[in-house]
Amino acid sequence: MTMALVFPGQGSQSVGMGRSLFDANAESRQVFEEVDEALGEKLSTLIFEGPEERLTLTQNAQPALMAVSVAVIRALEAEGFDVSRASYLAGHSLGEYSALTAAGALTLADAGKLLRIRGLAMQEAVPRGQGAMAAILGLGADEVVRLCQDAAEGGVCETANDNGGGQIVISGDKRAVERAVALAPERGAKRAIPLTVSAPFHCRLMQPAADRMAEALAGARINAPTVPVVSNITASPTSDPDEIRERLVRQVTGQVRWRESVEWLAGAGVTSLVEVGSGKVLTGLARRIDRSLEAKAVGTAEDVRAFVEGG
């Protein structure tokens, strides 16, 4: 069986995530302590105790989800699992940083700091209330592109995430996205759902955040990963540090090509996806993208034991 490890993105956070790992495993506990130290605050307390509205803030959710994913990896490694057993790694948006950390391309401290910068930069790129996002269900990728073009009317309206299974998220100026939501049923969409988000992520409006990340990443050390990491922006892997840096910058304004990433993995011979971290979002998406893939989620101490035992 050829395995890929995949790492969740924003939206998978929940208060209490990772707590069982912290309680059960010294190596996992060290992950949370190291991220706390890197950020100069007790992010772990917010992760375990909330409140939810603070954990959901982009600048907190991003490093928090990475910390939980890496805590799972450290717990697996403590039980004898080697990340190099996977043929590829991939992560959804911020999950790409988790994948790069698991593969040794980024240090845990650097990943935490970069994601704090990324979260703040993305939040501040567009004044609150001027941007919007929406999920379009039941249209193909090309149809959504045309929908966005027709709804833009001189503004910004773009595909942000192609999640697969007929679920595509659009992002841009508030009025343009609202026009797309209104127009979508006429174009054959099953549903068009405005999303409760704090900013219009993964579109051109995020260029100020991309500029800040270019500066931050220029000063970060990136090593060649021990396992190739599939990039969101290209839906293909790379192990070249300079290419990784460039792709992470482009990722801020570019589309998360998750459906294509999973299809690429399946085409490369991957038969099993293991979602590492909080929640089961990517596990569900994998089954809708390619039913031949075996998918499971590992996010708790109990999950770790079951996975190591082959359950």
Side-chain angles (χ1 to χ4, degrees), residues 5-79 81 83 89-123 213 216-217 220-222 225 229 248 251 274-282 297-304 307:
L5 305 180
V6 296
F7 298 81
Q10 201 162 336
S12 290
Q13 70 275 356
S14 63
V15 173
M17 62 181 182
R19 186 60 196 246
S20 66
L21 297 159
F22 181 93
D23 291 340
N25 188 280
E27 288 80 2
S28 295
R29 195 173 310 123
Q30 187 175 348
V31 169
F32 293 106
E33 291 169 352
E34 191 173 334
V35 172
D36 285 350
E37 184 176 352
L39 298 180
E41 64 179 81
K42 293 285 275 185
L43 182 66
S44 58
T45 300
L46 179 60
I47 294 171
F48 301 146
E49 300 176 10
E52 184 176 0
E53 57 268 24
R54 278 193 59 218
L55 178 61
T56 303
L57 292 174
T58 303
Q59 64 263 32
N60 294 326
Q62 294 197 17
L65 283 161
M66 182 277 299
V68 174
S69 287
V70 177
V72 174
I73 289 291
R74 298 291 181 261
L76 288 168
E77 290 173 337
E79 296 292 335
F81 177 82
V83 170
L89 275 58
H92 191 284
S93 192
L94 80 90
E96 194 167 323
Y97 286 79
S98 306
L100 290 165
T101 306
L106 290 171
T107 67
L108 178 60
D110 280 352
K113 292 174 184 176
L114 286 168
L115 285 171
R116 170 55 56 84
I117 294 168
R118 184 178 184 268
L120 284 168
M122 293 174 81
Q123 182 61 62
M213 287 311 297
L217 285 159
R221 178 179 177 83
I222 300 180
V229 176
L248 288 175
Q251 185 213 62
V274 179
E275 182 173 5
V276 180
S278 177
K280 299 181 179 180
V281 170
L282 302 184
V298 180
T300 66
E302 184 179 354
D303 292 339
V304 168
F307 181 78

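Keep in mind it's a predicted model, so treat the numbers as computed, not measured. Numbering starts at 1 and runs along the sequence shown. Any value given below was found using the heavy atoms of this structure, including those in side chains, with hydrogens, waters and symmetry copies removed.
- Ser20 is not listed as a side-chain neighbour of Glu302, based on a closest heavy-atom distance of 4.5 Å or more.
- Under the side chain to side chain contact (heavy atoms under 4.5 Å, CB included) criterion, Ser28 pairs with Leu21, Asn25, Ala71, Ala75, sequence neighbours left out.
- The minimum heavy-atom distance linking Ser14 with Ser278 is given by the pair OG-OG, 4.1 Å.
- Partners of Ala102 by side chain to side chain contact (heavy atoms under 4.5 Å, CB included), not counting sequence neighbours, listed by chain and number: Phe7, Ile73, Leu89.
- No hydrogens or angles considered: a donor-acceptor pair under 3.5 Å links the side chains of Asp303 and Thr300.
- Separating the CG atom in Asp36 from the OG1 atom in Thr45 is a distance of 6.5 Å, to the nearest 0.5 Å.
- For the atom pair OG1 (Thr58) and CD (Gln13), the distance works out to 8.5 Å, reported to the nearest 0.5 Å.
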Could you go step by step and tell me if Ser93 and Gln10 meet the side-chain hydrogen bond (donor to acceptor under 3.5 Å, both in side chains) rule? CA-CA 8 Å; Ser93 192; Gln10 201 162 336; over 6 Å; no
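- What you find for Thr101 and Ala111 is that their closest heavy atoms are OG1-CB, 3.2 Å.
- For Glu33, the side chain to side chain contact (heavy atoms under 4.5 Å, CB included) partners are Arg29, not counting sequence neighbours.
- Annotation for Ala216 and Ile117: closest pair CB-CD1, 4.0 Å, computed over non-hydrogen atoms.
- Residues Glu96 and Gln251 form a side-chain contact, since some pair of their non-hydrogen atoms from C-beta on lies under 4.5 Å apart.
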Under the criterion side chain to side chain contact (heavy atoms under 4.5 Å, CB included), I'd like the reasoning laid out for Gln30 against Arg74: C-alpha separation, chi angles, the key distance, then a yes or no. CA-CA 9 Å; Gln30 187 175 348; Arg74 298 291 181 261; over 6 Å; no
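- Between Ala67 and Val35 the shortest heavy-atom distance is CB-CG2, 4.0 Å.
- Within the model, atoms OG of Ser44 and CD of Glu37 stand 12.0 Å from one another, a figure rounded to the nearest 0.5 Å.
- For CD of Glu41, the number of neighbouring non-hydrogen atoms (other residues, nucleotides, ligands) closer than 6.0 Å is greater than 12.
- Ala109 meets the side chain to side chain contact (heavy atoms under 4.5 Å, CB included) test with Glu34, Ala38, Thr107; sequence neighbours excluded.
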Where do Met213 and Leu248 land on the side chain to side chain contact (heavy atoms under 4.5 Å, CB included) test, with the steps shown first? CA-CA 8 Å; Met213 287 311 297; Leu248 288 175; over 6 Å; no
Could you go step by step and tell me if Met66 and Leu108 meet the side chain to side chain contact (heavy atoms under 4.5 Å, CB included) rule? CA-CA 9 Å; Met66 182 277 299; Leu108 178 60; 3.6 Å; yes
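- Listed by first then second residue, pairs satisfying ring pair (Phe, Tyr, Trp, His ring centres under 6.0 Å) with a partner in residues 37-69 read Phe22-Phe48, Phe32-Phe48, not counting sequence neighbours.
- Here the shortest heavy-atom pairing between Ala99 and Val229 reads CB-CG1, 4.0 Å.
- Between the side chain of Gln123 and the backbone N or O of Ala121, no donor-acceptor pair lies under 3.5 Å.
- Atom CG of Leu114 and atom CD1 of Ile222 lie 7.5 Å apart (nearest 0.5 Å).
- Residue Asn60 comes nearest to Arg116 through the heavy atom pair OD1-NH2, 3.0 Å, listed as atom of the first residue, atom of the second, then distance.
- When each of Leu94, Leu65, Leu282 is tested with Ser12 by the rule side chain to side chain contact (heavy atoms under 4.5 Å, CB included), just one qualifies, namely Leu65.
- Under the salt bridge (Lys or Arg N to Asp or Glu O under 4.0 Å) criterion, no residue pair touches residues 45-68, with sequence neighbours excluded.
- For the residue pair Gln62 / Arg118, a side-chain donor-acceptor distance below 3.5 Å is found, with atom types taken as modelled.
- When Val83, Leu5, Val304, Val6 are each tested for a side chain to side chain contact (heavy atoms under 4.5 Å, CB included) with Val276, only one passes: Leu5.
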